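Below: one structure, written as structure tokens.
Predicted model only: the values in this text are computed from it and were never measured. Naming convention: chains lettered A, B, ... in sequence-line order (proteins, then strands); numbering from 1 in each chain.
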Amino acid sequence: MLEQELTLTARKEDKYAVITTEGYINNPGGEKIAHMCYQLMDEGYKHFILNFSQSKVINSIGISILIEIIEKVLELKGSLSFCGLTNTIAKTFRIMGLAQYTKIFPTEEEAIKALS
Amino acid sequence: MEEEITFTVPIRPDMELEVTRVASSVAEAMRLGKDKIDEIKLALIEACLNAFEHSKSKEKKVHIKIKMTDDRLEIIVRDYGVGFDPSKVKEPKIEEKLKSPRKRGWGLKIMRSLMDSVVINSHKGGTKIIMTKRR
């Protein structure tokens with residue numbers, strides 16, 4: 001097996017949901033994240049924290065799917081925050097401009113604090 | 001001192017990760033820092049995906065050469081596919097991508113942003129991407 005398939009866990013709080021990923025965020029990995037986010041949106045959530053501390057590798061196809069999620073979050077007037085990014089993934093998000101429409105925090109605790 | 005490793009990978013899902021493992025080992029041997037190694041890996045993933053997705057290579061293979069010198073790491077990703085004109089690849093902009101049904105098209109921008117230099121030689125017989133990271 002080349003790389004572990006992306007696994008997700010979601011934690012639902014009153015006003016936000018935290019999705020923690022583990023593994024490669026490629027096309028199928030990105031689709032899994034999107035599917036989870038859209039399910040949570042259907043349940044009424046519009047503020048999301050994506051914890052990527054266990055996902056050290058990403059590719060542009062996975063990021064493109066994250067852009068779809070950002071688009072939907074913006075439509076809902078919600079928010080999307082990332083935490084646990086490697087320096088390179090954070091740099092890539094800034095280069096691509098994702099950081100203009102999302103927030104990047106070093107830790108999940110800081111991301112939650114900013115939503116409170 | 002100059003050393004090089006050459007190998008070929010089949011065009012198969014996630015094979016780009018195998019390529020990054022080799023490059024990562026070489027970069028670690030050169031004692032490049034973690035962030036530089038991560039940048040090389042991500043740029044290399046994009047170069048491989050470009051070949052996997054767009055080359056239409058009949059041999060369904062991508063050829064990799066990793067060259068170490070005293071002051072830099074050079075990686076060449078080559079396919080013998082249909083080629084493309086890099087000057088016709090539009091610079092992606094997040095404002096436009098958010099409104100567009102097509103969110104993709106970031107590979108070249110990522111490569112150019114994360115490596116010290118990226119040279120693309122492409123013609124109807126294939127594409128060669130030469131990426132360099134200084135020590």
At a 4.5 Å cut-off on heavy atoms, which part of B:Glu46 comes close to chain A: side chain, backbone, both, or neither? side chain

Side-chain heavy atoms of A:Lys91 within contact of B:Leu114, under 4.5 Å: yes

Is B:Ile45 close to chain A through its backbone or its side chain, or both, or neither, when contacts mean heavy atoms under 4.5 Å? side chain

Please tell me whether B:Ile76 and B:Ile5 are part of a single hydrophobic cluster in this structure, the criterion being side-chain heavy atoms less than 4.5 Å apart. no

Under a 4.5 Å heavy-atom criterion, the part of residues 99-116 of chain A in contact with chain B comprises A:Gln100, A:Tyr101

Leading residue by heavy atom contact count with chain B [cutoff under 4.5 Å; candidates A:Thr86, A:Ile65, A:Ile95, A:Leu74]: A:Ile95

Would you check if A:Met96 and B:Ile110 make a side-chain contact, meaning some heavy-atom pair closer than 4.5 Å? yes

Tell me whether B:Leu108 is reachable from B:Val119 by hopping between hydrophobic residues (I, L, V, M, F, W, Y) whose side-chain heavy atoms are closer than 4.5 Å. no

Taking NZ in B:Lys109 as the centre, count heavy atoms belonging to other residues, nucleotides or ligands within less than 6.0 Å. Is the count above 12? yes

As an exercise: rank A:Pro28, A:Gly97, A:Ser60 by heavy-atom pairs under 4.5 Å with chain B and give me the winner. A:Ser60

Is there a continuous path of hydrophobic side-chain contacts, each under 4.5 Å between heavy atoms, that joins A:Tyr16 to A:Phe52? no

Looking only at B:Thr20, B:Asp38, B:Leu98, most heavy-atom pairs under 4.5 Å shared with chain A are made by B:Leu98

Between A:Glu68 (side chain) and B:Lys103 (backbone), is there a donor-acceptor pair under 3.5 Å? no

Contact origin within B:Glu95 toward chain A - heavy atom pairs under 4.5 Å: both

With a 4.5 Å cut-off on side-chain heavy-atom distances among I, L, V, M, F, W and Y, is there a chain of contacts connecting B:Tyr80 to B:Ile75? no

Other residues, nucleotides, ligands: >12 heavy atoms within 6.0 Å of A:His35 NE2: no

Please state whether the side chain, the backbone, both or neither of A:Asn59 comes within less than 4.5 Å of a heavy atom of chain B. both

Taking every heavy-atom pair that is under 4.5 Å apart, which of A:Ile58, A:Ile70, A:Ile67 has the most such pairs with chain B? A:Ile67

Hydrophobic clustering (ILVMFWY, side-chain heavy atoms < 4.5 Å, transitive) - are A:Val18 and A:Tyr45 grouped together? no

Spacing of B:Asp14 atom CG and A:Tyr24 atom OH [to the nearest 0.5 Å]: 6.0 Å

Should we say atom CZ of B:Arg134 is surrounded by more than 12 heavy atoms from elsewhere, each under 6.0 Å from it? no

For B:Lys99 versus A:Glu71, what's the shortest heavy-atom pair and its separation? CA-OE2, 4.1 Å

Pair count under 4.5 Å, heavy atoms only, with chain B: among A:Ile61, A:Leu98, A:Ile89, highest is A:Ile61

